Amino acid sequence: MARRFTVKDFFLFLFLSLLLILILLAMYMVDRQWLKLAEMERTLTEQAQDLRGLRDLIRSTGSSGLTIAPTESRGTANIPPAFRRAYTATQQPDYRPGDWLVQAFGTGLKTLTPLVSTDAYAAEVQGYVLETLLTRNPETLEWEGLLARDWEVSEDGLTFRFRLRKGITFSDGEPLTAEDVAFSFAFIMNPAIAAPRERAYYEKIERVTALGPYQVEFKFKEPYFNSLALAGGLTILPQHFYGPYLEQPESFNQSKGLLLGSGPYRLQDPKGWTPDQGLVELERNPRYWGPVQPSFDKLLWKVIANDSARLTTFRNGDIDIYGARPLEYHRLLEDQALVERTQHLEYMSPTAGYSYVAWNQERDGKPTRFADQRVRQAMTFLTDRASIIEQIMLGYAEPAVSPFSPRSPQHDPTLTPRPFDLAKAKTLLKQAGYADRDGDGVLEDANQQPFRFELVFFQDADDTRRLVLFLKDLYARAGILLEPKPTEWSVMLDRINKKNFDAIALGWTSGVEIDIYQMFHSSQAIPGGDNFISYRNPELDALIEKARATVDEGERMPLWQACEHILYEDQPYTFLMRRKSLLFVDQRMRNLEVTRLGLNLGATPVEWYVPEPEQKYTY
C-alpha cells in the first residue's frame with residue numbers, strides 16, 4: 001500500500017531544504033571569503049614586492065644621485081607635455097577619479113596578445129596597457145615624450161637616441177629599462193614570432209641597442225621618412241614576461257591573453273584572459289608611473305555582436321558609448337528621451353579610415369579574373385558610390401579615391417572619384433574577353449564560365465549587408481553575378497590569412513601621413529601579410545620605396561601622389577568611402593573633445609572622467 005505524504009513528511013522536507021540552502025549559502029560565503037583573501041594576498045604580495053624594489057633601488061643608487069620616482073617634480077609647471085591635457089581635466093571643479101567606462105565590441109576577440117592580434121579591438125585594449133617611447137599631441141600633431149624623457153637625432157637622420165624616464169615599472173613591479181626597449185625590437189624581428197606585419201614596419205631598423213639603463217639607440221639602415229614615428233611608436237614589451245616564450249614560440253603565437261605592460265591599466269591576470277569570457281576587463285594599474293593617474297577604476301568591454309542588442313544595452317545604461325549607423329543615428333536624434341540623457345557627436349576625423357572592396361588576384365597559386373586591370377576598373381565604374389553614400393549612409397560619408405585622406409598632402413586633389421558608368425564598365429569587360437555568349441543575361445569568359453564571384457563580408461554589419469545587396473543589383477546590370485557571403489569575423493581572418501576568397505569588403509584605419517608599403521608592396525603578398533590580394537606592380541614598388549626613403553616632405557609628397565595615380569589606375573581595391581563617426585555618449589562622461597586625431601576617447605593618459613555625484617559603479 002502506498003504511503004501518504006504526511007504533515008510530518010512536509011516538515012522533514014522543509015527542514016532538509018532549509019539545511020541545503022544554508023549549506024549552499026555557507027559555501028558561497030566561504031567562496032567569497034577565499035576570493036577576498038586571495039585578493040588581499042595578491043595586494044600584500046605586490047606591496048612587499050614594491051618595498052623590496054624600493055630598498056634595492058635605494059641601495060643601488062647610493063651616491064649616484066638617482067631619484068626613486070619620475071624625475072620630474074609633481075608640480076604643475078613640471079607636468080610633462082604628454083600629460084598636460086589629462087592634468088587639465090583633473091583640475092576641473094567637478095573632477096573625481098572613480099567609476100567605470102563600459103563599452104561594447106561588435107565582435108569577439110580571438111586574442112589580446114600583442115603582435116599576434118590583428119584587429120582594431122585588440123589594439124584598443126592594448127593601448128591602455130602597453131606604452132611607447134613617444135606619443136603624438138592630438139592638437140599640434142607634434143611628438144612628445146612618454147616613456148622617453150627626450151631624444152636626439154644624428155645629422156644624417158640614421159641614428160636616434162632616447163633617454164628614458166627613471167623609476168618606471170611595468171604593472172607587475174619590474175623596472176622598465178633600455179634593455180626592454182632593445183628586447184621589444186628583437187622580439188618582433190625574431191622570425192619564429194608570428195608578427196610578419198610588424199616586421200615589415202621595422203625592417204628599416206638595423207639595430208636597437210641599450211647604451212645604459214636609461215638610454216637606447218635606434219640605428220636605421222637607410223633614411224626613412226617616418227623614422228621618428230617608427231622608433232618612438234615601438235610598443236615596449238617587458239623582457240622578463242615575454243622573453244621566456246622565445247624558447248617555445250608556438251606557445252606565444254597561439255596564445256590568447258598574454259598582455260602586460262607599463263600603461264595606466266592592466267589585466268588582473270596577464271596570462272589568463274581567454275575569448276570565452278565574452279568580455280575584457282582592465283583594472284587601474286596601481287603602480288602607474290605617470291604624474292597623472294587614470295580617472296576610471298575600471299575599463300570594461302562587453303562583446304555584443306548584434307546591433308539591436310547593443311543599442312538596447314546602451315538605452316538601458318549598461319554601456320556608455322554607442323556608435324550608430326547612419327539610418328539609426330538619424331532616427332535616434334528624434335528620440336527626445338535618448339538625446340536628453342546623452343551627448344551626440346558626428347565628425348569626420350582627419351585620420352578616418354576608409355572602406356573598400358578588395359579584389360583577390362591570385363588564388364591557389366593561379367591568377368583570378370580580378371588579375372586583369374580592366375576588370376577591376378570595370379568593377380569600380382559599376383560601384384555607384386554617390387548612390388551608396390546618399391541611400392545607405394544618408395550623407396554621413398564621403399567617397400574615397402585612394403588610401404590617402406583628401407585632407408592629407410599625400411593626396412593629389414586633381415584625382416576625383418570615378419562616377420558610375422555602366423557603358424564604360426561594359427566596354428572594359430568586353431575588352432577583357434567577357435560577353436553574354438548564351439543569351440542568358442550573364443557574362444561568360446572565353447571558356448564559357450559565367451562571371452560569378454563571392455563577396456565575403458562581416459555578417460553582423462548591417463550597413464555592409466545593405467551595401468552588398470546594393471552592389472549585387474548594380475553588378476547584375478552588367479551581367480555579373482555577385483553571391484553575398486556573410487561570414488563570422490574569426491572565419492574572415494582565417495580566409496584573409498589563407499587568401500581564400502574572391503573579393504572581400506573591409507576597411508583600413510588611416511592617419512595624417514600613412515605608409516602603404518604593407519598593403520600594396522609586392523613583397524608583402526606573403527602568408528600573413530597585409531597584401532592579402534597578391535597585388536603586384538613593380539613601378540609602384542619602386543615609388544613606395546623611394547617615398548619611404550625621402551625625408552624631405554617637399555620631395556616626398558609628389559612621390560606619394562605618383563603612387564596614388566598608379567593605384568587610381570590599377571584599382572586593386574575599389575575604394576568606397578570614408579565614414580563620419582556618429583556617436584552617442586552617456587551624459588555623465590565629461591571632457592569629450594574632437595581633436596585633430598579624432599575623439600579623445602582612448603587617449604592615454606585618459607582624459608574622460610565622471611563627476612562624483614554621477615558615478616554609479618564601485619570598484
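It should be emphasised that the depicted structure is a prediction, and the values quoted were computed from it without experimental measurement. Reckoned from all heavy atoms, side chains included, excluding hydrogens, waters and symmetry mates.
- Salt bridge absent: Arg579 and Glu398 never bring a charged side-chain N and a carboxylate O closer than 4.0 Å.
- Under the 3.5 Å distance criterion, the side-chain polar atoms of Arg385 are matched with a main-chain donor or acceptor of Phe575.
- Using bins of under 30°, 30° to 60° and over 60° for the plane-to-plane angle, the ring pair Phe532/Tyr573 lands in the parallel bin.
- Put simply, SG on Cys563 and CG on Asp412 are 12.0 Å apart, with the number rounded to the nearest 0.5 Å.
- Side chain of Ser184 to backbone of Leu237: a donor-acceptor contact under 3.5 angstrom is found.
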Practice task
Mind running ring pair (Phe, Tyr, Trp, His ring centres under 6.0 Å) on Phe451 and Tyr434 for me, showing each step along the way?
Solution key: CA-CA 8 Å; Phe451 195 140; Tyr434 291 91; 4.9 Å; yes
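- The aromatic rings of Phe185 and Tyr202 stand perpendicular to each other, their planes meeting at an angle above 60°, with 30° marking the opposite boundary.
- One distance of note links CG of Leu300 with CG of Asp318; it measures 10.5 Å at 0.5 Å rounding.
- Ion pair Glu139/Arg596 not flagged as a salt bridge, since none of the NZ, NE, NH1 or NH2 atoms sits closer than 4.0 Å to an Asp/Glu carboxylate oxygen.
- The salt bridge (charged side-chain N to carboxylate O under 4.0 Å, His left out) search around Asp494 returns Lys110, not counting sequence neighbours.
- Summarising the geometry, atom CD belonging to Gln103 is positioned 12.0 Å from atom NZ belonging to Lys302; distances are rounded to the nearest 0.5 Å.
- Between Glu569 and Arg418, at least one side-chain N (NZ, or NE/NH1/NH2) sits under 4.0 Å from a carboxylate O, which counts as a salt bridge.
- Residues Phe225 and Asp515 have side chains in contact (heavy-atom distance under 4.5 Å, counting atoms from C-beta outward).
- In this structure, Tyr329 has its ring center under 6.0 Å from that of Tyr396.
- Taking the six-membered ring for Trp, Phe370 and Tyr535 have ring centres at least 6.0 Å apart.
- Aromatic ring pairs are classed by plane angle as parallel below 30°, tilted from 30° to 60° and perpendicular above 60°; the pair Trp301 and Tyr128 is tilted.
- Salt bridge annotation for Arg452-Asp502: absent, with no cationic side-chain nitrogen under 4.0 angstrom from a carboxylate oxygen.
- Aromatic ring orientation, Phe458 versus Trp489: perpendicular (interplanar angle above 60°, classes split at 30° and 60°).
- Heavy atoms from other residues, nucleotides or ligands lying under 6.0 Å from NZ of Lys204 number more than 12.
- Remark: Lys499 does not engage Glu362 in a salt bridge, criterion side-chain N to carboxylate O under 4.0 Å.
- Note that OG of Ser117 and CD of Glu124 are 12.5 Å apart. Values are rounded to the nearest 0.5 Å.
- Between Arg374 and Asp372, at least one side-chain N (NZ, or NE/NH1/NH2) sits under 4.0 Å from a carboxylate O, which counts as a salt bridge.
- For the pair Lys221 (side chain) and Glu203 (backbone), a donor-acceptor distance under 3.5 Å is present.
- For the pairing with Tyr322, the side-chain contact (heavy atoms from CB on, under 4.5 Å) check across Leu338, Leu332, Thr313 returns one residue only, Leu332.
- To the nearest 0.5 Å, atoms OH (Tyr475) and CG (Leu482) are separated by 7.0 Å.
- Ion pair Arg548/Glu545 not flagged as a salt bridge, since none of the NZ, NE, NH1 or NH2 atoms sits closer than 4.0 Å to an Asp/Glu carboxylate oxygen.
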